[in-house]
Structure formats: C-alpha cells, structure tokens
Amino acid sequence: MNEKIAKIFFEIASYIQMKEDGFRVVAYRKAGNNIRSLKEDIKDIYERGGLKDLEKIPGIGKNIAKKIEEYLKTGKIKTLQRLKKEIPVKLNEISAIEGMGSKKAKVLYDKLGIRNIKELERAVKAHKIAPLFGFGEKTEKNILQGIEFLKKDKGRSLLGQIMPTVEEILARLGSLKEVKEISVAGSVRRMKETVGDVDILATSNKPEKVMDFFVSLPGVVKVWGKGKTKSSVRMEQGFDVDLRIVKPESFGSALQYFTGSKEHNIATRKIAISKGLKLNEYGVFKKDKAIAGRTEQGVYRAIGLPYIPPEMREDAGEITAKLPQIIGYDDIRGDLHCHSSWNGGEHSIKEMAEKAIEMGYEYIGISDHTKFLRIEKGLNEKQLLRQRKEINKLNQELWIKNHGFRILQGCEANIMPDGSLDIKDNVLSQLDYVIAGVHSAMKLPKNKMTQRIITAMKNPNVNIISHPTGRLLLKREEYEIDFDKILRAAKEYNVFLEINSSPDRLDLKDTNIRRTKEAGLKMVISTDSHHKGQLEIIKFGIAQARRGWAEKKDIINTNSAKRLLSFFK
DNA sequence: GCCGTTTTCGGCCCGACTGTTTTCAGTCG
C-alpha cells in the first residue's frame, strides 16, 4: 500500500508542477518519499491511530493525511482525478522519457495537444517539436532516443520491484494444504535483472482448489485464463503471473523447462539427443520410458551434466565449461557501500550497524556522499573527520565489541569531470577506504570518460569505483567507456570495481562481471543503502555476480574485515 | 503543503548540466 500511495503523491506533485513551481510540489514529493520509506504499512498505521497517527509521519500534515484517508476508504483521490481532468496528459508515460518533465509536457500539450507517448512520437517524426520555444533539434533527437529506449524494454519490470510480490504469492500458495511442491521458474528464478512475466510451478492433488485460490489472490486485477493445469492473471503492479500445476513425476523436468532460458533448453535438449535420449517438460525419456523428471538434479544427471544453477542458464558456455563454484547467497560478510543519517538518510550509523549485525555481518562500511552532491547533504572534509571520531567511539562500545563487529569508515567521493575528487587527499587518507563514483556530466565522450575514471583510480587513496558504468535499468544507458582500459587501470592501480546491488543499477552487470573476473580482478558487492532495510537487497547483487560466474574468492567482502583491509594496501 | 526550544506565519529549495538561449528554464541527483 505504501508504494501505491507514494506514487499517487508523486503524480499529484508532477501535475501541480505543470502549473506552478511551488512548495506544494516539494511537499507532496516529500510526503511520497517518507511514505515510501515507512517500515509499517500505512494502512495499519491508519487503522490503529487514524488521522492523528498519520499526521505524526514527518512531512504529512492535516491535508495529506486526509487524502490518505480518502484513498484508504474510497480507493481514489479526488484531487488527482480533478488534475487529470484539467490536463488530460499521461504524465507518467511522458516523464518516463529521460529529460522530459512536467514543464516540457505542459508546453507540448498547450502547443500541440500531445497527451501521450504515441502522439509525441508522431510529432517528433513530423519535426513539429524543434520549432517550439525552448525546444530544438537536439531535444527532438533525445526524445526519439528516449522513446526507442522505452520501447525496447516495454513490458518488463525490475526484478527487485516485483520480487516482494512474487515472494508473497509463493508464500500464500505454499501455505495451502493442497499444494505439495512449489517454485518460481522463468527469468525470476534465473534472477535476470528485468523480467517480463512471472512463472510459478506447483504440484497438487486438488488443482481446481489451488487455481480458485490463485485467481482470487489480493492484487489480482484481471484473470486472463483459468484452467486445471494453467491459469494466468495480471497483478495491479502491471505484470502477469502464470501458475502451472504439473504431475509430481514431472516437477523437476517442468521446472527445468520453464526456468529456461530458451537457449539453454535448446542446448540441453541437443545433449540429450546426442545420448539417445529425449528431454522435454515431462521428463527425460529413453525410448518411451521415463528415466528422470522427478527432480531437476535428476534431469541434469540423466543427460550427463552437473547441476547448473539457474542464474547460469543462459547458454553462455555453461553446458561445456567446467563449472566454477559460484558465490553463495550467504557468503557476504559485510557491506561497504552504505549511507547514514549524516547524508540525511533515515538511519544513524548505529542503526545501520545494528541491522548489519542482525544479518550476521562482521562489519559495515559507512560511505557517505561527499560535498559536491549538495542534495544528498554531501560531507565536507571537516564533517568526515568528525564522523571518523564518532565511528571510532562506536567501535569501542560494548554492543559492538560483544559481536566482534566493526564499523569501517569510507566515503563515496565524487569524480569530477577532470578525474579529480571533491575531497582533499590528506582527509581521504585518514579513512579506512575510499569509494569514488561519477554522479555528474555523464555524457562525456568515450575517451574523456574513460580517462576521467582512470585519473580517479590513480589517486592512491581510491580503493573502489562505485556503479562503474552508470546505467539505470529501463531508463538510462551506460555511459561510454572503454571497459578494457578501465580493467587494465584497475589492475595497475589496485582498484576494485563495485557490483552495485540496487535493483535499478546492478552495475557491474553480469557480462562485465565475467570480463572483470576473466581479467583476474576481484570485485566488491555492495548495496548503496540509504536506509537500513535496503541492506537486504544484497541478494540482487549476489545474483548478478552469480550470473557473471563470480566465485567467492572473486569478491573481496567475503573476507574478514582484517583481510579485506589488507586488499586496500 | 508542512513545520515550529526563535515561530501559527514565513521559511522551506541546492547546484551541475543540457540545450536552449543571449541570460536562462527545465531536469536530475
């Protein structure tokens, strides 16, 4: 519910912004952000304490509290409906294009009557945009590029966005006594960074009952089809879920078949054929006799292959190669990229550390933004040194010592366009480690961008490059860099590349992870948490590392703090 | 629209970058 209500307030803010740039816009955005990061469902808060408790949430006053109540009671908010009626522009759609916001959308609507992407695309192609005041040739080109980019990923969602819903569906179905076995399949099981639809597989002696339950799950907005073996629904977040019920003796082979990838399946079927066998979703067959199918392990064994983890099933050599022992989901011993309340985040260093201890970590690295990033309340030299003192003090406290835990201090310094950092070296050298990252001027030409990052790597204080290629999934391309040159420099200057676990980054991506590993370099898996709950997204970074065939030894934060720090020497 | 050991009114919201302009608005982080 929180995410849904937060989105509505962001939407209201954007519609208001079409007309005016005022503090109301900021207020609605702030409310949206605060609702999004609530630990408790806002519905529960309301049901327990009514309007009064809603108003206790920072950024939420009388007015917005009332709107939340209105939504919880009626399922809509009149203000938003009125705004949409007044300006019938699909703002969500248009502002999904990089570089497009409320103001530009307003001009396009006023001058050309453009209401959605389709009309916008037509206008761009007819060159009606460039002559408008404030627009031009470049804008036209950028819009077209943005639209193409959106189309390419149309219908796909971020894995991290849908995962909570998937896990909930699995839990609900799994709790039915009629369900024997259950598993997610498809690209979700392969932990692909974006997914089209969700496939779930189950066995049951009462399929009708399970299907009845499935199509009436909370959040289902449309039932595409419902049968005894397959049902398909649309969830309110905009993705589809298929549930298939198969016979127990075929569960393994069906799981193998529906997990894919398609290319991996073609390759495995060829292997089967070469051994005089037949592999399909019902099992592995010798002549007409099933010799496997009950379990996935059995299927791979029957065709003479080792068990291949789902994350590796992309026909990227996994069939023929000697499989590495890829990193496990429990191998990480600490998180090095975490922001604290010093950056305006919700949680103090202590709270972040407590969460890390709860997760079984041995250390946490606090790496707050530095001064160039004003909006993130970036720290200056003085503040970093003050933070150093606070961390030293915390490390002396019993609750930390008793856990053998340690807080490390880093920072995430900004790499300026010339490759310099925004913090003086004599301060950087007093931290336990330094992350450097690009947060501005992302459209530099390839050689300049490459040189910029390499210059930063040359700084002897720099240990890690955060989100090295700058991509934002479904939104922004990587910036142009010569990745091989970056790898060579990383080796020469002993710098580690980050695998950023944020579901919209996952940067490095799987193929770059593999290249990095093959170049003989180690990496670090981090969350870039701005909130203690986000420490849990490490699983998406680990998944990406597994997709890139990284082993435990390739990831430096699978080591103890002591060993880890020795890598930075 | 929210907020208050200065306050119930008057602050809050910064800077770089881009693509437009010829001094700046819009967007993004």
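In this text, all values refer to a predicted model and were calculated from it rather than measured experimentally. Quick note on labels: first sequence line is chain A, next is B, and so on, each numbered from 1. The figures that follow rest on heavy atoms only: side chains count, while hydrogens, waters and symmetry mates do not.
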Check: Any chance the side chains of A:S14 and A:E11 put a donor and an acceptor closer than 3.5 Å?
Finding: no
Note to self: Could you tell me how far apart A:F10 (CZ) and B:dC28 (P) are, to the nearest whole angstrom?
What the structure shows: 14 Å
Item checked: Pairwise C1' distance, B:dT22 and B:dG29 [rounded to whole Å] -> 28 Å
Margin query: Between B:dT18 and B:dT23, how far apart are the two P atoms, rounded to whole Å?
Written below: 22 Å
Next item on the list: Examine the side chains of A:D368 and A:S340 and answer whether a donor and an acceptor come within less than 3.5 Å of each other.
Entry: yes
Check: Among B:dG1, B:dG26, B:dG19, which nucleotide sits nearest the side chain of A:I64?
Finding: B:dG1
Distances under 3.5 Å between nitrogen or oxygen atoms of protein and nucleotides 6-8 of chain B:
none

Check: Is it true that atom CZ of A:R115 has more than 12 heavy atoms of other residues, nucleotides or ligands lying nearer than 6.0 Å?
Finding: no
Check: Looking for any heavy atom pair under 4.0 Å, which part of the strands does A:S102 touch: base, sugar-phosphate only, or nothing?
Finding: sugar-phosphate
Next item on the list: Please determine, by modelled atom types, if A:N63 and A:K67 share a side-chain donor-acceptor pair under 3.5 angstrom.
Entry: yes
Next item on the list: Report yes or no: do A:Q534 and A:H339 form a side-chain donor-acceptor pair below 3.5 Å?
Entry: no
Next item on the list: Starting at atom OH of A:Y109, determine the distance to atom P of B:dG26, rounded to an integer number of angstrom.
Entry: 19 Å
Notebook entry, point to check: How many angstroms lie between OG1 in A:T194 and CG in A:D504, if you round to the nearest 0.5 Å?
Noted result: 12.5 Å
Margin query: Heavy atoms from C-beta onward define the side chain here; which of B:dT27, B:dT20, B:dG1 lies closest to that of A:Y28?
Written below: B:dG1
Notebook entry, point to check: Using 4.0 Å as the upper bound for N to carboxylate O, is an ion pair formed by A:K509 and A:E478?
Noted result: yes
Which donor-acceptor pairs under 3.5 Å do side chains of residues 73-80 of chain A form with protein atoms, sequence neighbours excluded?
unit_1, atom_1, unit_2, atom_2, d
A:T74, OG1, A:E70, O, 2.7
A:T74, OG1, A:K76, N, 3.3
A:T74, OG1, A:K76, O, 3.1

Item checked: Of A:Q17 and A:E55, the one whose closest DNA chain B nucleotide lies more 5' -> A:E55
Margin query: Would you say that A:K125 contacts A:E121 through its side chain, given a criterion of any heavy-atom pair below 4.5 Å between the two side chains?
Written below: yes
Item checked: Whole-Å C1' distance, B:dG26 and B:dC13 -> 15 Å
Margin query: Measure CD1/A:I35 against P/B:dC2 and give the value in whole Å, please.
Written below: 11 Å
Next item on the list: Find the distance A:K103:NZ to B:dC28:P and express it as a whole number of Å.
Entry: 13 Å
Margin query: I need the CZ-P distance between A:F133 and B:dG19, as an integer number of Å.
Written below: 17 Å
Note to self: Classify A:L472 by what it touches in the nucleic acid, base, sugar-phosphate, or nothing, heavy-atom distance under 4.0 Å.
What the structure shows: sugar-phosphate
Next item on the list: Would you mind reading off the distance between A:L54 atom CG and B:dG1 atom C1', rounded to a whole angstrom?
Entry: 15 Å
Next item on the list: Name the pairing partner of B:dC12, where a pair is Watson-Crick or G-U wobble with both distances under 3.5 Å, or state none.
Entry: B:dG1
Margin query: Is a donor from one side chain sitting under 3.5 angstrom from an acceptor on the other, for A:N414 and A:H439?
Written below: yes
Item checked: Whole-angstrom distance between B:dA16 and B:dG4, as gauged at atom C1' -> 33 Å
Check: Can you check whether A:N142 has a side-chain N or O nearer than 4.0 Å to OP1 or OP2 of B:dG19?
Finding: yes
Note to self: Taking the P atom in each of B:dT20 and B:dG15, what is the distance between them to the nearest angstrom?
What the structure shows: 25 Å
Item checked: Nucleotide-resolved protein contact map, nucleotides 11-17 of chain B, B/S/- at heavy-atom distance under 4.0 Å -> -BBSSSS
Next item on the list: Quote, to the nearest angstrom, the P distance that separates B:dC17 from B:dC12.
Entry: 25 Å
Next item on the list: Mind calculating the distance between CD (A:E70) and P (B:dG1) to the nearest angstrom?
Entry: 13 Å
Next item on the list: Give the rounded distance in Å between these two atoms: CG of A:N343 and C1' of B:dG29.
Entry: 12 Å
Next item on the list: Rounded to whole angstrom, note down the P distance from B:dT6 over to B:dC2.
Entry: 23 Å
Item checked: Residue mapping more 5' on DNA chain B - nearest nucleotide basis, A:I60 or A:P131 -> A:I60
Check: Does A:R505 pair with A:E498 as a salt bridge, N-O distance under 4.0 Å?
Finding: no
